[in-house]
Amino acid sequence: MVGKNDLGVKCTMRLPFFYGWVVVAVTFVTMAIGVNARTAFSLFFPPIISEFGWERGITAGAFSFGFVASGVASPLIGRLMDRAGPRAVMELGVVLMGGGLLLAPLTSQPWHLYVTIGVMVGAGSVCLGYSGQSLFLPNWFIRKRGFAIGIAFAGVGIGSVTLLPWVQHMIEQTGWRTACTAMGLLVLIALAPINLLLHKRPEDLGLQPDGDAAPAAGAAKAVSNVVDPVWVNTEWTLKRAVATARFWWIAIGYFSGLYIWYAVQVHQTKFLLDIGFSPSVAVWALGIVSLLGIPGQILLGYVSDRIGREAVWAISCAGFAICFAALIALKFQPSLWLVYVMVFTQGALGYGLTSIMGAVVFEIFQGRHQGSIFGTIMLAALAGGAAGPWVTGLLYDRTGDYTLAFLIAMIVSVLSAFSVWRASPGKVRAVEGRLHKLHSGTAG
């Protein structure tokens with residue numbers, strides 16, 4: 001590892017492995033705690049409704065309002081990443097999320113929930129969650145990009161299977177306020193120190209992506225993954241990116257992707273309780289979804305390095321569509337085997353979206369302004385995350401069940417897959433598994 005001392009002089013401390021895997025490990029732990037601290041709202045949701053008697057749409061709206069706050073913060077976070085790097089972004093997220101969780105137990109009015117769980121935890125989650133990590137983690141890997149991101153984001157599954165049952169146990173034993181306070185303390189104590197280990201890109205430490213050796217003078221030129229040289233050689237500022245169709249196809253794909261993700265995540269626990277399943281089954285289902293996301297994200301991330309990001313995005317969207325179909329069927333036949341189908345397709349397939357979300361944008365708009373571009377695209381994604389729970393809750397309040405909401409989510413799943421296919425990152429840069437076809441075609 002190469003660093004700088006207080007005088008700015010480079011010094012060398014060699015590690016027996018690539019420092020990028022330290023970055024992956026820190027991201028793994030941060031995602032395990034940070035993402036699940038927000039996911040826990042699904043567990044707080046039923047006791048909050050029971051205590052205050054608020055409508056589901058109003059209560060779920062606090063979670064959705066968090067996406068509005070996230071949307072406002074996202075472009076700012078992208079600019080902060082471009083200028084100050086991941087440590088500044090992550091520590092800001094720790095303060096916001098930890099503070100919001102510690103203040104949420106003081107709730108007595110809906111607007112209290114909107115400020116704490118909504119604005120503070122929502123804005124903090126942009127930094128600590130998928131959005132913030134995707135702003136810099138893809139810099140550390142090229143050949144193994146999908147695989148490395150899949151491993152890092154699989155921390156969410158480990159956090160779910162360990163933290164969510166613990167949170168539910170505390171809710172049952174001491175109430176949702178104590179559980180919320182405990183999560184806030186965990187965020188502050190565990191995440192503040194480890195995120196000081198982060199760096200934005202390997203070049204900041206004198207390293208190369210994937211841990212490759214620096215090219216020697218006179219050495220053969222590395223194999224290029226560039227498919228469209230004109231596109232790649234363009235300096236993509238935010239203004240230029242917004243003027244392209246690809247930018248808007250990604251935005252639509254990400255809006256739709258987070259819509260379906262959070263529509264099911266926020267409402268599935270209450271839905272299962274409504275149709276007669278026990279609280280233990282409902283909590284088990286939420287936890288196992290993320291547990292299955294561990295092999296799902298890693299495997300689909302690896303597969304995306306072989307067959308391309310578009311194909312894996314389509315596979316993940318198909319997983320969500322099947323998940324919603326299973327939920328509709330559960331209303332008419334509340335059997336465990338349908339719960340298994342819902343859980344498997346959502347976790348093992350659907351969660352694969354996250355392993356390629358950063359890669360798609362970086363492979364199309366890589367450059368000095370990639371953080372700002374990604375942060376702006378995440379405005380659309382977070383708007384989808386806000387719309388999913390809110391529209392689903394609103395439709396329930398108006399129709400008395402979730403069937404129409406789940407049917408709409410199936411259509412949105414198809415739209416998401418189609419949009420990323422149209423964006424076509426593989427037509428800008430080829431993934432590792434497609435390089436032989438790229439160069440055999442060039443040679444021919």
Side-chain angles (χ1 to χ4, degrees), residues 24-25 27-45 125 128-130 133 146-172 179 182-183 186-187 190-191 257-258 260-273 277-304 312 315-320 322-324 326-327 330 335-357:
V24 167
T27 302
F28 183 97
V29 176
T30 301
M31 298 287 281
I33 298 173
V35 172
N36 284 293
R38 184 168 190 169
T39 303
F41 180 80
S42 186
L43 304 181
F44 300 143
F45 189 44
S125 71
L128 300 179
Y130 298 103
Q133 309 295 347
F147 180 58
I149 295 174
I151 292 174
F153 288 3
V156 176
I158 295 295
S160 290
V161 78
T162 54
L163 291 179
L164 294 183
W166 172 62
V167 170
Q168 180 63 25
H169 177 73
M170 280 196 293
I171 290 172
E172 293 171 354
M183 284 301 299
L186 182 62
V187 168
L191 300 187
L258 264 69
I260 56 181
W261 184 301
Y262 286 102
V264 64
Q265 186 179 94
V266 170
H267 288 276
Q268 78 171 43
T269 300
K270 189 62 178 170
F271 172 77
L272 292 174
L273 293 173
F277 287 98
S278 67
S280 60
V281 169
V283 174
W284 165 85
L286 187 65
I288 295 300
V289 164
S290 290
L291 180 63
L292 286 169
I294 299 172
Q297 287 168 312
I298 295 172
L299 178 60
L300 288 177
Y302 173 80
V303 169
S304 79
V312 167
I315 291 169
S316 295
C317 289
F320 274 115
I322 297 168
C323 163
F324 284 110
L327 285 167
L330 273 165
S335 60
L336 272 176
W337 75 269
L338 279 171
V339 176
Y340 296 150
V341 171
M342 183 273 291
V343 165
F344 177 81
T345 54
Q346 183 187 165
L349 300 180
Y351 276 31
L353 293 181
T354 61
S355 63
I356 56 176
M357 187 171 282

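Computed over heavy atoms, backbone and side chain alike; hydrogens, waters and symmetry mates excluded. Quick caveat: nothing in here was measured; it's all calculated off a predicted structure.
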*Verify the distance criterion only: is there a donor paired with an acceptor across the side chains of Q346 and Q268 at less than 3.5 Å?*
yes
*Considering all heavy atoms of both residues, which atom of A263 and which atom of F324 are nearest to each other, and what is their separation?*
CB-CZ, 4.3 Å
*Evaluate the side-chain proximity of L258 to M357: yes if any heavy-atom separation is below 4.5 Å, no if none is.*
yes
_For a quick test of reading the model, state the closest non-hydrogen atom pair linking G352 to L300 and the distance between them._
CA-CD1, 3.8 Å
*Where is the tightest heavy-atom contact between A154 and F28, given as atom of each residue plus distance?*
C-CE1, 3.8 Å
*Would you please name every residue forming a side chain to side chain donor-acceptor pair (under 3.5 Å) with S335, sequence neighbours left out?*
W337
*asked:* Less than 4.5 Å apart, side chain to side chain, heavy atoms only: is that true for V35 and T30?
replied: no
_Min side-chain heavy-atom separation L43-L164 under 4.5 Å_ = yes
_Taking V156's backbone N and O only, do any of them form a donor-acceptor pair with N36's side chain (distance below 3.5 Å, no angle check)?_
yes
*Hey, what's the ring geometry for Y340 with W284, parallel, tilted or perpendicular (30° and 60° as the breaks)?*
perpendicular
*asked:* Let me confirm one number: the CE-CZ distance from M183 to R38, rounded to the nearest 0.5 Å.
replied: 13.0 Å
*Taking it one step at a time, do Q168 and F44 satisfy side-chain contact (heavy atoms from CB on, under 4.5 Å)?*
CA-CA 8 Å; Q168 180 63 25; F44 300 143; over 6 Å; no
*Which atom of V264 lies closest to which atom of W261, heavy atoms considered*: CG1-O, 3.2 Å
*With side-chain contact (heavy atoms from CB on, under 4.5 Å) as the test, would you mind laying out the steps for I260 and Q265 before giving the verdict?*
CA-CA 9 Å; I260 56 181; Q265 186 179 94; over 6 Å; no
*V289 and Y351, any side-chain heavy atoms less than 4.5 Å apart*: yes
*Could you please spell out the steps behind the side-chain contact (heavy atoms from CB on, under 4.5 Å) verdict for I171 and V167?*
CA-CA 6 Å; I171 290 172; V167 170; 3.9 Å; yes
*asked:* Are the side chains of C317 and L353 in contact, using a 4.5 Å heavy-atom criterion?
replied: yes
_Spacing of CD1 belonging to I158 relative to CD1 belonging to I33, to within rounding of 0.5 Å_ = 12.5 Å
_If you compare all heavy atoms of G150 against all heavy atoms of S355, which two are closest, and at what distance to 0.1 Å?_
CA-CB, 3.9 Å
*asked:* V281 vs S278, test: side-chain contact (heavy atoms from CB on, under 4.5 Å). Steps then yes/no.
replied: CA-CA 5 Å; V281 169; S278 67; 3.4 Å; yes
*Which of parallel (below 30°), tilted (30 to 60°) and perpendicular (above 60°) describes Y302 and F147?*
perpendicular
*Taking all non-hydrogen atoms of both residues into account, name the closest pair between G146 and S304 and its distance.*
CA-OG, 3.9 Å
_Do I288 and F344 make a side-chain contact, defined as non-hydrogen atoms from C-beta onward lying under 4.5 Å apart?_
no
*Side-chain (S316) to main-chain (L349) donor-acceptor, under 3.5 angstrom*: yes
*asked:* Tell me which one of I298, T27, I294 satisfies side chain to side chain contact (heavy atoms under 4.5 Å, CB included) with F153.
replied: T27
*Can you find a heavy atom in the side chain of L330 that is under 4.5 Å from one in the side chain of F277?*
yes
*Would you call C323 and L327 a side-chain contact if the rule is heavy atoms closer than 4.5 Å?*
yes
*When you measure from the side chain of Q133 to the backbone N and O of M31, does any donor-acceptor pair fall under 3.5 Å?*
no
